[in-house]
Amino acid sequence: GTFENTDSGASSTVPQQMSAFRKNQHIMIKDRPCKIVEMSTSKTGKHGSAKVHIVAIDIFSGKKYEDICPSTANKDKPIVNRIEYQLIDISNDNFTSLLNDKGDTKEDIKLPENELADEIRTKFSNGDSCVVTVMSACGEEQIVGCKVLTT
């Protein structure tokens, strides 16, 4: 779209050598931020470099990706942030109103399409003070957690 920053790619990832990646770390596969769930290294013969086989899950969609690359190659590692917001409201079309600790509201994040959304709705309709955790990476954001503040 027209809203894309020209430098959004540069600031949202850092290169890392394949051999330095570990299970549960984040990695870019097919331009998607993923979390590594399985890694195995295989020798390719006398003169070839070792190959690393990766199975990773898209941190937003949950889709599974696989990749094989030389252990000496560089791959992009997405910078993943988690920010907590207070939940103020949920609109009829599933958009949330969130408040950060500076007092600014954010109204562009929808509830995730999973069981977590039901949990958040239930807590919110019970009148609980909910704090949601928003995970962001590569210009995408998603609510990944919710906890109730006990007063």
Side-chain angles (χ1 to χ4, degrees), residues 1-88 90-91 93-102 104-124 130-148:
T2 47
F3 302 103
E4 279 172 359
N5 251 336
T6 45
D7 65 351
S8 64
S11 56
S12 60
T13 61
V14 290
Q16 179 169 300
Q17 192 166 323
M18 218 35 250
S19 55
F21 280 99
R22 299 286 174 265
K23 197 175 159 179
N24 294 328
Q25 284 189 342
H26 296 103
I27 190 169
M28 295 297 289
I29 297 182
K30 298 189 176 37
D31 292 327
R32 300 291 306 155
C34 299
K35 184 177 187 175
I36 299 171
V37 290
E38 283 173 47
M39 272 185 93
S40 56
T41 307
S42 58
K43 286 275 184 225
T44 55
K46 217 162 44 175
H47 302 294
S49 67
K51 291 258 191 292
V52 181
H53 176 235
I54 284 187
V55 180
I57 305 283
D58 186 310
I59 60 175
F60 293 117
S61 71
K63 197 172 166 215
K64 195 179 201 180
Y65 290 101
E66 292 195 46
D67 203 359
I68 294 179
C69 22
S71 60
T72 51
N74 274 353
K75 280 290 266 190
D76 283 331
K77 181 177 186 173
I79 295 165
V80 179
N81 290 308
R82 288 170 186 266
I83 305 171
E84 295 195 330
Y85 295 93
Q86 179 149 9
L87 178 61
I88 311 171
I90 302 171
S91 71
D93 53 2
N94 285 333
F95 276 95
T96 57
S97 277
L98 306 174
L99 186 70
N100 70 10
D101 51 13
K102 297 183 190 70
D104 302 318
T105 53
K106 183 171 180 50
E107 302 190 327
D108 58 349
I109 298 186
K110 278 186 126 160
L111 284 177
E113 291 176 20
N114 54 26
E115 305 82 51
L116 178 61
D118 305 333
E119 185 190 324
I120 293 171
R121 281 188 175 288
T122 305
K123 287 175 178 171
F124 188 73
C130 297
V131 171
V132 295
T133 303
V134 173
M135 181 172 63
S136 64
C138 304
E140 282 184 68
E141 296 177 305
Q142 185 173 303
I143 294 171
V144 293
C146 174
K147 63 182 184 213
V148 172

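In what follows, every heavy atom counts, from backbone to side chain, and hydrogens, waters and symmetry copies are set aside.
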Indicate yes or no: at least one non-hydrogen side-chain atom of [X] is less than 4.5 angstrom from one of [Y].
X    : Y    : result
N100 : I83  : no
I120 : I90  : yes
T13  : K77  : no
Y85  : L99  : no
M28  : C138 : yes
H26  : P33  : no
Q142 : V134 : no
R82  : M135 : yes

Pairwise distance [atom1]([X]) to [atom2]([Y]) - rounded to 0.5 angstrom:
X    : Y    : atom1 : atom2 : answer
E140 : F60  : CD    : CZ    : 5.0 Å
L87  : I109 : CG    : CD1   : 11.0 Å
K23  : S40  : NZ    : OG    : 11.5 Å
E107 : T96  : CD    : OG1   : 8.5 Å

Regarding [X] and [Y], does a basic nitrogen lie under 4.0 Å from an acidic carboxylate oxygen?
X    : Y    : value
K147 : E119 : no
D108 : K106 : yes
K75  : D67  : yes

Any idea which heavy atoms bring [X] and [Y] closest together, and the distance?
X    : Y    : result
M18  : M39  : O-CE, 4.1 Å
P112 : I143 : CG-O, 3.5 Å
I36  : A56  : CA-CB, 4.0 Å
I59  : A137 : CD1-CB, 3.9 Å
F124 : I88  : CZ-O, 3.0 Å
S136 : E141 : CB-CG, 3.6 Å

Checklist entry - Which of these, K63, R32, K64, sits in a side chain to side chain donor-acceptor pair (under 3.5 Å) with D58? => result R32

Next on the checklist: The test is side chain to side chain contact (heavy atoms under 4.5 Å, CB included); show your working for E66 and I68 and say whether it passes.
Outcome noted: CA-CA 7 Å; E66 292 195 46; I68 294 179; over 6 Å; no

Checklist entry - So S71 and V52, side chain to side chain contact (heavy atoms under 4.5 Å, CB included) or not? Walk me through it. => result CA-CA 6 Å; S71 60; V52 181; 3.7 Å; yes

Checklist entry - Could you walk me through whether Q86 and C130 pass the side chain to side chain contact (heavy atoms under 4.5 Å, CB included) check? => result CA-CA 6 Å; Q86 179 149 9; C130 297; over 6 Å; no

Next on the checklist: Checking D76 against V14 for the side chain to side chain contact (heavy atoms under 4.5 Å, CB included) test, could you report, in this order, the C-alpha distance in whole Å, the side-chain angles of both residues, the deciding distance, and whether it holds?
Outcome noted: CA-CA 5 Å; D76 283 331; V14 290; over 6 Å; no

